[in-house]
Amino acid sequence: MIKFKMIFIVFLLSGVLLAGCSSGSNAVDEPKSTSGDAQQTEGNKEEAAEKAEVQHYYTANEKGSISKIDAADNSIVTTIEIEGSAHNVQVSPDGKLIGATVVPSMGGHGGGHDGHGEVSAKAVFYSVESDELIQEVEVGNHPAHIVFTEDGKYAVVTNSEDNTASVINMDGFNVTDTVETGKGPHGFRISSDSKKAYIANMGEDTVSVINLETMKEEKRIKVGIAPVTTGVTSDGKILVAALNGENALAVVDLDTDKVDKIPVGTGPAQVYIDEKGQFAYVANQGTEEAPSSSVTVIDLTLKKAIAEIETGKGSHGVVTSTDNKRVYVTNMFEDTVSIIDKEQNKVIDTIEVKGVPNGISITK
């Protein structure tokens with residue numbers, strides 16, 4: 001849940017809780033038959049193709065785990081136990097690693113923003129294939145989100161209490177740079193060319209634009225009250241930010257920094273732009289005391305909401321499938337994930353994911 005203990009969050013609206021052959025023998029004088037080999041080779045190809053098509057999505061569960069879920073039947077394949085509170089999770093661009101932010105568990109409703117401890121925490125990396133822990137990397141205080149650059153060179157982590165972002169070089173799994181941001185850096189996305197990170201600063205009304213070549217903050221774009229997460233289109237022209245303090249989505253023209261605001265549901269948390277850059281999906285969380293339970297669909301060309309989809313209590317994390325057919329949404333206050341059919345704009349399945357599911361990501 002999105003709820004900070006930090007002083008800078010006091011300005012939020014009252015009650016708002018921000019809160020990845022064998023061959024047979026033949027007689028000497030008979031010609032060898034290759035049909036069996038051919039059939040088996042073809043079978044191996046089909047098996048390999050089928051294996052390659054297996055897709056999973058992952059949820060970061062604040063009570064100390066990551067759930068690996070088969071996208072074909074929405075069944076939980078593996079639960080990876082974690083010491084601490086898992087807040088956000090991301091699949092690497094090559095589909096080989098899962099990265100997650102972890103903070104010390106402080107009790108309460110799973111931890112999350114409310115459970116961030118007062119000591120440095122970490123980013124953890126697991127193998128998609130084996131589910132085994134590959135590496136732990138210490139980052140700053142109150143790590144929030146983790147995102148990989150598309151070129152696979154870096155993983156970036158926002159440190160909400162330190163007002164910084166840690167840049168992890170994936171070759172050595174070590175922090176090579178720490179970049180200053182605005183107050184309370186939280187959710188963000190990185191441009192498709194891997195050159196810029198757009199970080200929502202929850203403690204102020206801005207988005208920090210981080211140059212990942214110079215490793216410096218280029219500028220801050222004023223977007224509105226308490227931006228929680230951002231999204232950026234693959235062509236780098238449009239930036240979006242979920243404004244928790246205004247119940248709106250900010251849509252920014254990155255050529256001019258002009259901002260349009262589109263009303264959404266109450267207490268928006270995460271936003272995700274689909275594969276074609278046509279729609280933005282905003283998960284409306286509300287508060288634990290007064291949870292929202294919907295996803296607002298925004299047409300980025302028309303710059304207006306075209307649908308409101310009923311989901312579950314405390315809708316928070318959101319991601320779209322790579323085939324552009326499904327939307328997956330975590331519902332924090334009822335421990336579920338809603339699966340949405342994009343064409344119908346309605347929930348077609350709901351599954352239980354214990355442990356307060358928060359962030360969500362899907363393999364490519």
Side-chain angles (χ1 to χ4, degrees), residues 2 4 6 8-9 11-12 16 18 88 90 101 113 140 142-147 149-150 154 156-167 177-262 264 267-273 277 280-283 298 300 303 317-318 359:
I2 308 176
F4 282 108
M6 294 169 283
F8 60 76
I9 211 67
F11 71 92
L12 290 179
V16 171
L18 290 177
N88 184 246
Q90 285 290 307
T101 52
H113 298 275
H142 295 188
H145 282 218
I146 180 170
V147 180
T149 55
E150 283 298 314
Y154 301 113
V156 182
V157 175
T158 46
N159 305 308
S160 296
E161 187 180 88
D162 294 346
N163 301 330
T164 63
S166 297
V167 181
D177 292 276
T178 301
V179 184
E180 299 290 331
T181 66
K183 294 180 181 178
H186 193 254
F188 67 105
R189 292 293 170 186
I190 293 175
S191 59
S192 60
D193 62 8
S194 301
K195 292 181 179 180
K196 293 183 180 181
Y198 297 90
I199 298 176
N201 298 312
M202 282 187 64
E204 57 184 56
D205 56 1
T206 66
V207 168
S208 289
V209 181
I210 305 299
N211 187 315
L212 293 175
E213 294 178 318
T214 64
M215 295 299 173
K216 295 184 182 298
E217 182 186 47
E218 284 189 351
K219 62 179 177 180
R220 294 181 197 175
I221 303 172
K222 187 174 182 178
V223 291
I225 301 172
V228 179
T229 54
T230 68
V232 60
T233 53
S234 59
D235 61 10
K237 294 182 178 181
I238 299 294
L239 171 73
V240 297
L243 305 179
N244 185 274
E246 295 187 31
N247 299 330
L249 182 72
V251 180
V252 184
D253 183 330
L254 287 174
D255 287 332
T256 63
D257 289 350
K258 179 180 180 297
V259 179
D260 290 296
K261 295 180 182 180
I262 303 169
V264 296
Q270 290 195 21
V271 58
Y272 197 89
I273 297 175
Y281 293 82
V282 182
I298 304 294
L300 293 176
K303 293 184 181 179
V318 58

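Since we're looking at a predicted model, the values are computed, not measured.
Nearest approach of Tyr198 to Leu239, heavy atoms of both residues: CB-CD1, 3.6 Å. Taking all atoms of both residues into account, the shortest heavy-atom contact from Leu243 to Val223 is CD1-O, 3.5 Å. Closest non-hydrogen pair, Val228 versus Pro268, comes out as CG2-O, 3.8 Å. When all heavy atoms of Ala269 and Ala242 are compared, the closest pair comes out as O-CB, 3.1 Å. Minimum heavy-atom separation, Lys219 to Asp257: NZ-OD2, 3.0 Å. Of all the heavy atoms in Val157 and Phe188, the pair that sits closest is N-CZ, 4.4 Å.
Considering only heavy atoms from C-beta on, Val271 comes within 4.5 Å of Val282 through its side chain. A 4.5 Å side-chain heavy-atom check between Asn163 and Pro185 finds at least one atom pair inside the cut-off. Considering only heavy atoms from C-beta on, Ser166 comes within 4.5 Å of Asn159 through its side chain. At least one side-chain heavy atom of Leu254 sits less than 4.5 Å from a side-chain heavy atom of Ile221. Val156 places a side-chain heavy atom less than 4.5 Å from the side chain of Ile190. Proximity of Ile273 to Ile238: side-chain heavy atoms (C-beta onward) are nowhere separated by under 4.5 Å. Counting heavy atoms from C-beta on, the side chains of Asn211 and Lys216 never come closer than 4.5 Å.
Remark: the backbone N or O of Asp205 is not paired with any side-chain donor or acceptor of Arg220 at under 3.5 angstrom. When atom types are taken as modelled, the side chain of Thr229 and the backbone of His186 share no donor-acceptor pair closer than 3.5 angstrom. Between the side chain of Asp235 and the backbone N or O of Lys237, at least one donor-acceptor pair lies under 3.5 Å. Counting only distance, with no hydrogens or angles, the side chain of Asn201 and the backbone of Glu204 share no donor-acceptor pair below 3.5 Å. A donor-acceptor pair under 3.5 Å is formed between the side chain of Thr230 and the backbone N or O of Arg189. Side-chain atoms of Ser194 come within 3.5 Å of backbone N or O of Glu150 as a donor-acceptor pair. At least one donor-acceptor pair closer than 3.5 Å links the side chain of Asn247 to the backbone N or O of Gly267. Between the side chain of Thr101 and the backbone N or O of Ile146 there is no donor-acceptor pair closer than 3.5 Å. Judged by distance alone, with hydrogens and angles left aside, the side-chain atoms of Glu161 form no donor-acceptor pair with the main-chain N or O of His142 at under 3.5 Å.
Here Asn244 contributes atom CG and Met202 contributes atom CE; the two are 6.0 Å apart, rounded to the nearest 0.5 Å. Taking NZ of Lys196 as the start and OG of Ser208 as the end, the distance is 13.0 Å to the nearest 0.5 Å. The line from CD1 of Ile262 to CG of Leu300 is 7.0 Å long, rounded to the nearest 0.5 Å. Going from atom NZ of Lys222 over to atom OG1 of Thr206 covers 10.0 Å, rounded to the nearest 0.5 Å.
Every side chain to side chain contact (heavy atoms under 4.5 Å, CB included) that Lys195 has, sequence neighbours left out, goes to Ser191, Asp193, Glu213.
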